[in-house]
Amino acid sequence: MVSLNDAVSELAGVGPKRAQALKSLDIENVNDLLTYFPFRYEDLQAKQPAELTDQAKVTLKGTVAAAPVISRFGRRKTRLNFRLLLDEHTIIPVTFFNQPWLKDKLEVGAELAVYGRFDAKRQSLAGMKIIASADGGMGSIYPANKEVRQGTIQKLVESAYATYAPVIVDLIPEPLREQYRLLHRRQMIHDMHFPAGDAAAKAARRTAKFEEFYLFETRLQIVRQQDHTLNGQALAYDLAKLKAFIAALPYELTQAQKRVVNEICFDLKRPVHMNRLLQGDVGSGKTVVAAIAMYAAITAGAQAALMAPTEILAEQHANNLAKLFADFPVNVALLTGATKPAARQTLLPQIANGTVNLIVGTHALIQPEVAYHDLGLAVVDEQHRFGVNQRQALREKGRQPDVLAMTATPIPRTLAITAYGEMDVSVINELPAGRQPIKTTWIRSNQVDATLRQVKAELSSGSQAYVVTPLIEESEAVDMKNAEAIYARFKEEFEPTYKVGLLHGRMKNDEKNAVMDAFKANEFQVLVATTVIEVGVDVPNATVMLIYDADHFGLAQLHQLRGRVGRGQKASACILIADPKNELAVERMTTMTSTNDGFVLSQKDLELRGPGDILGKKQSGVPDFKVGDPVADLNILSVAQQAAKETVATPDWAEQDDNLALAAFLSTTAHQNTTMD
Ligand code: ADP
Ligand code: MG
């Protein structure tokens with residue numbers, strides 16, 4: 001019996017060499033080949049002369065009016081000319097280059113169709129191929145490469161379909177197929193390759209996209225379910241203590257914060273492994289939610305860890321947490337690459353014996369030498385900056401600790417579904433009360449002087465200001481030079497009335513911290529900084545931000561920077577200084593001035609730059625789909641995810657008749673698509 005899992009080498013005409021070449025197109029078995037879909041179709045429907053537009057690729061049907069003439073030019077180049085009689089009024093000259101052998105097919109009086117590019121001025125056709133029967137249809141065009149040509153793929157697909165069509169069965173369960181009015185798989189594959197017309201091709205493509213997304217999401221949901229059945233720790237936290245901590249906070253939690261705290265706590269106390277993504281806009285208060293979750297783990301007698309992507313951020317977190325927990329029995333420790341050997345020597349045993357119960361740090365947290373007494377909850381801040389392996393390493397510390405991953409900026413739904421599809425998601429969709437929207441304006445660099453007056457006015461009311469210096473290239477040395485030049489300029493402009501400080505990536509960590517602490521204490525009023533202040537910095541009294549060369553930054557980064565102001569009760573302003581050189585950069589600036597909503601911005605960023613640029617190429621986790629486009633086809637993607645969740649949620653789903661083919665398919669192709677690194 002033949003099977004779609006048969007290697008392509010089973011097909012006639014595929015020897016080891018061709019099989020190797022097909023592999024370069026990711027085609028290894030018959031299923032790969034049959035789902036290697038055309039990316040466009042040539043319209044082979046014969047056209048009437050009146051319908052023709054200049055440079056259109058068309059098929060013309062007629063009779064050969066005069067014998068073809070071959071002329072030579074250049075070295076070994078030929079031109080073949082003949083006249084095609086379309087109807088009694090129209091004769092079109094046709095030219096083929098370098099295909100002298102076509103002459104034999106072109107007997108005077110022969111009826112045929114020619115596919116080619118029409119030139120309206122000359123009323124002629126540059127021939128591309130001769131089609132024997134022109135009763136219509138569409139010619140499939142495949143992505144090909146040097147080793148595997150277009151024609152080869154077409155022939156292979158035809159012969160594979162002829163042999164294997166009987167064993168193509170539906171993978172999408174019948175109820176879903178009906179609910180979403182999808183084609184049977186055999187029909188879909190047929191119509192993708194050999195559509196009768198536009199409508200058939202379109203319907204097939206819709207089913208193909210759904211199938212592709214659905215298979216991908218089903219795999220993710222299986223991973224998610226395995227997580228849920230993994231024996232995690234049931235953290236029996238002390239609700240009374242947790243409530244006391246929340247009551248002692250200097251503010252009331254927002255409704256959204258309360259909701260996500262509940263979602264997290266519900267997971268913590270279940271004996272299953274939590275793998276949860278915490279999303280929220282800049283300033284929505286994710287840190288305190290993480291703190292509550294970590295305290296819950298600690299009241300259950302376990303340890304909690306918080307991993308941040310940079311040393312400065314880890315230190316900020318450690319300081320903030322130490323303050324938050326000052327009156328509670330929590331021992332906060334900081335472990336980074338910068339921790340001195342002596343301090344490290346005392347710390348490691350304390351982590352191992354549980355004396356320290358809240359460990360904040362960088363990658364240092366997952367080094368093999370760091371052994372935990374009983375790690376119950378691991379929080380990963382700015383999750384996208386860590387690779388899959390690092391997250392996995394953290395998870396392997398202790399007995400499958402629950403994992404709470406936080407994103408610094410909202411991520412678009414497309415990415416939530418693809419890159420994080422195996423995680424449960426909690427969203428804080430509300431800002432703390434009393435926040436005033438940040439007013440963002442965009443000025444040209446020759447308007448800076450007027451703006452400085454605005455900054456001074458803000459400062460005179462007791463506020464503080466950030467000045468973000470240009471990011472010219474990925475070089476801290478150059479960034480530092482820029483920062484120092486601007487620092488000098490601001491000192492001249494503002495001192496002695498106001499004091500100006502400087503922060504850049506080349507400074508030592510304790511220098512950086514000293515500067516941050518001084519700014520927080522309002523010892524100086526203007527902080528000139530590179531993007532090191534991008535995340536985590538929290539000075540509510542700062543209400544103005546000036547961003548130089550704002551067009552050099554991406555939307556997500558600008559939003560993150562802007563999020564450093566507007567953190568208190570006072571109205572805040574963000575001023576973008578930019579002389580953008582291209583349309584896209586102009587669009588970024590106007591987008592920034594038109595919305596404060598991180599979810600809107602991240603969606604826009606995705607459209608302008610693509611997923612790889614947002615999450616980082618390697619870690620984007622967004623697979624290369626063959627037919628579906630996770631951005632353009634977000635609707636199909638969402639529906640497919642929901643459908644996949646429902647499929648997998650049913651106990652014994654894999655044993656039910658409707659799902660047998662799906663389960664069998666997934667088990668033979670387990671390697672595909674879900675590997676994210
Ligand atoms: P982000 O989500 O960007 O990490 P943070 O956790 O840094 O936001 O919180 C931003 C600021 O809002 C902090 O100063 C924090 O103390 C404050 N904050 C958090 N939750 C609330 C709340 N419910 N009410 C008032 N202020 C809050
Ligand atoms: Mg748990």
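Every number for a ligand or one of its atoms is a count from 1 in the order of the listing.
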Can you list, pair by pair, the side-chain donor-acceptor contacts under 3.5 Å of residues 236-249, counting residues two or more places apart and other chains?
residue : atom : partner : partner atom : Å
D238    : OD1  : A240    : N            : 3.1
D238    : OD1  : K241    : N            : 3.2

Item to check | Distance-only N or O hit between ligand 1 and G285, under 3.5 Å | outcome: yes
Item to check | Residue of the set V379, D374, L377, L375 for which side-chain contact (heavy atoms from CB on, under 4.5 Å) holds with P401 | outcome: L375
Could you list the atoms of ligand 1 found under 4.0 angstrom from a heavy atom of [X]?
X: D281; value: 2 (O)
X: V282; value: 3 (O)
X: T254; value: 23 (N)
X: L253; value: 23 (N)
X: E252; value: 22 (C), 23 (N), 24 (N)
X: S284; value: 2 (O), 8 (O)

Next on the checklist: According to side chain to side chain contact (heavy atoms under 4.5 Å, CB included), who are the partners of A364, at least two apart in sequence or on a separate chain?
Outcome noted: L335, T362, Q367
Next on the checklist: If the contact criterion is a heavy-atom separation under 4.0 Å, does R435 count as touching ligand 1?
Outcome noted: yes
Checklist entry - Non-hydrogen atoms of G280 versus ligand 1: any pair closer than 4.0 Å? => result no
Checklist entry - Is there a salt bridge (Lys or Arg N to Asp or Glu O under 4.0 Å) between R276 and D267 once you walk through the steps? => result CA-CA 9 Å; R276 186 172 283 279; D267 271 359; 3.1 Å; yes
Next on the checklist: Checking N357 against Q303: is there a side-chain donor and acceptor pair closer than 3.5 Å?
Outcome noted: no
